[in-house]
Structures are given as C-alpha cells and as structure tokens.
Amino acid sequence: MPFPPRHSAAVAGVILPAAVAPAAWAQALVAPETLPHDLSPLGMFRQADIVVQAVMLGLAFASVVTWTVLVVKLIEFAQASATLRRGAGRIEAADTLRAALAEAGGSGADARMLRAAARELNRSAGGARLGVGERVASHLAQVQARAARQMGRGTGLLATIGATAPFVGLFGTVWGIMNSFIGISRAQTTNLAVVAP
C-alpha cells in the first residue's frame, strides 16, 4: 500500500521519507544479510548464543540420563519381582527351613533371609528359645533394608535432576529473551527471524 505523497511514514520508530517505495522501506529497516533464514529447530539452535546452546545440551543430557535410569530401574524391578515370586513359591512349597534353604541357593533376597533365619536358629539351638522370633525378625529387617538400598541406587540422581532442571531451563530462557531484546534493538524490528534465535 503506497504512502500518500508529500507525507512521511513512521514504521517501527524509523521515519521514512515519502519518496521511499513500500518495498524499499521494508529493506531499509533491516538488512537482509543480518536476518537468519533457517528457522528450523536445528537452525535456531545453531544461531543461538553459546550460553543458550550449553543450557540446551545440558538439559538434553539430563533427559537422556533420566530416561536411562528409568529403563534400568524398570528392568531391575521386574527381575526382582520375578525372583521374589519364585523364591516365595519355593519357601511355601518346602516343609522345613532346611529344605527351603537347600532349594533357595543363589544370592537373592529370599536366600539371604533364609540363611539369616537358619543362623539365628543354630545360635539358639542349645539354649532357651525365648526371643528367637524377635531376633530372626531383626535379621530379616536388615536383609530387607539392604535390598531396598540396592533397589534405590540412582534415584538420588533423579532427585537432583528434578530439583535443578527447571531452574537451569529458566536461566536459558531468560538469557535467550535477553538476546532477543538485544537483536530487536539492533535490527529495529520485531520480525520472527530476529526474535526466534
């Protein structure tokens, strides 16, 4: 749309004389060589500041670590559940503690519990049997706590990532917005090509 003759036009804070054609005033505002042409996510990543790139790479790495821990923990929980189901079936099928201990074998939590119970019964064989149940329960609680600690490995890393990632992302966002404002002030336009990187 042409400007009326003998008037000047103010576009984005720049006053252009009436003699400038509409196509020419668009080019006069921003030099085409200063605008990025690749607005794909990879292109915007390449055009971003080094700080923003570092934040994005750090968050991508944290995401990969989080998904890796998730997959490993799902596999560990599935294996532990299957082992405990098999061990519970063997213990229920056995008539005595000795028979259950002979069938258990291995180093699973069920085998450790059976060995702890057998050791405590052997220690109490010659004396009074008073309090054997409490001592066996105490040993079983220790075995259970050890198994829980083993299953909980890696979750501290998830807690650290979950607590810090939002703030790291916010820092990258603020830094990117600051760079966008600097680009807007240099280019004197709010074009998407200026703001996007």
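Heads up: numbering here begins at 1 and tracks the sequence.
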#### Entry: Residues which pass side-chain contact (heavy atoms from CB on, under 4.5 Å) with I75, listed by chain and number, not counting sequence neighbours
V71, Q79
#### Entry: Minimum side-chain heavy-atom gap R46-L42 below 4.5 Å
yes
Please list every donor-acceptor pair under 3.5 Å in which a side-chain atom of residues 56-64 meets a protein atom from a residue at least two apart or in another chain.
none

### Task
Scan residues 66-81 for pairs that pass salt bridge (charged side-chain N to carboxylate O under 4.0 Å, His left out), counting only residues two or more places apart or in two chains.
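Listed by first then second residue: K73-E76.
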#### Entry: hydrophobic_cluster_shared for I50 and V52, side chain cutoff 4.5 Å
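Both belong to a single hydrophobic cluster.
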Using a 3.5 Å cut-off and no angle test, enumerate the donor-acceptor pairs between side-chain atoms of residues 150-171 and protein atoms at least two apart in sequence or in another chain.
from: R153; atom 1: NE; to: Q150; atom 2: O; distance (Å): 3.3
from: T155; atom 1: OG1; to: G152; atom 2: O; distance (Å): 2.6
from: T160; atom 1: OG1; to: G156; atom 2: O; distance (Å): 3.0
from: T164; atom 1: OG1; to: T160; atom 2: O; distance (Å): 2.9

### Query
Looking only at atom types and distance, does a side-chain atom of S185 sit under 3.5 Å from a main-chain N or O of I182, one as donor and one as acceptor?
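Yes, S185 side chain to I182 backbone: donor-acceptor pair under 3.5 Å.
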### Task
Please go through V72's hydrophobic cluster and name the other residues, only I, L, V, M, F, W, Y counting, with side-chain heavy atoms under 4.5 Å joining them.
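The other cluster members (ILVMFWY side chains, heavy atoms under 4.5 Å, direct or chained): none.
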### Query
Which pairs count as ring pair (Phe, Tyr, Trp, His ring centres under 6.0 Å) when at least one residue sits in residues 69-96, sequence neighbours excluded?
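Not a single pair qualifies under ring pair (Phe, Tyr, Trp, His ring centres under 6.0 Å).
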### Task
Could you go through the side chain to side chain contact (heavy atoms under 4.5 Å, CB included) check for V55 and W175 one step at a time?
CA-CA 10 Å; V55 167; W175 193 275; over 6 Å; no
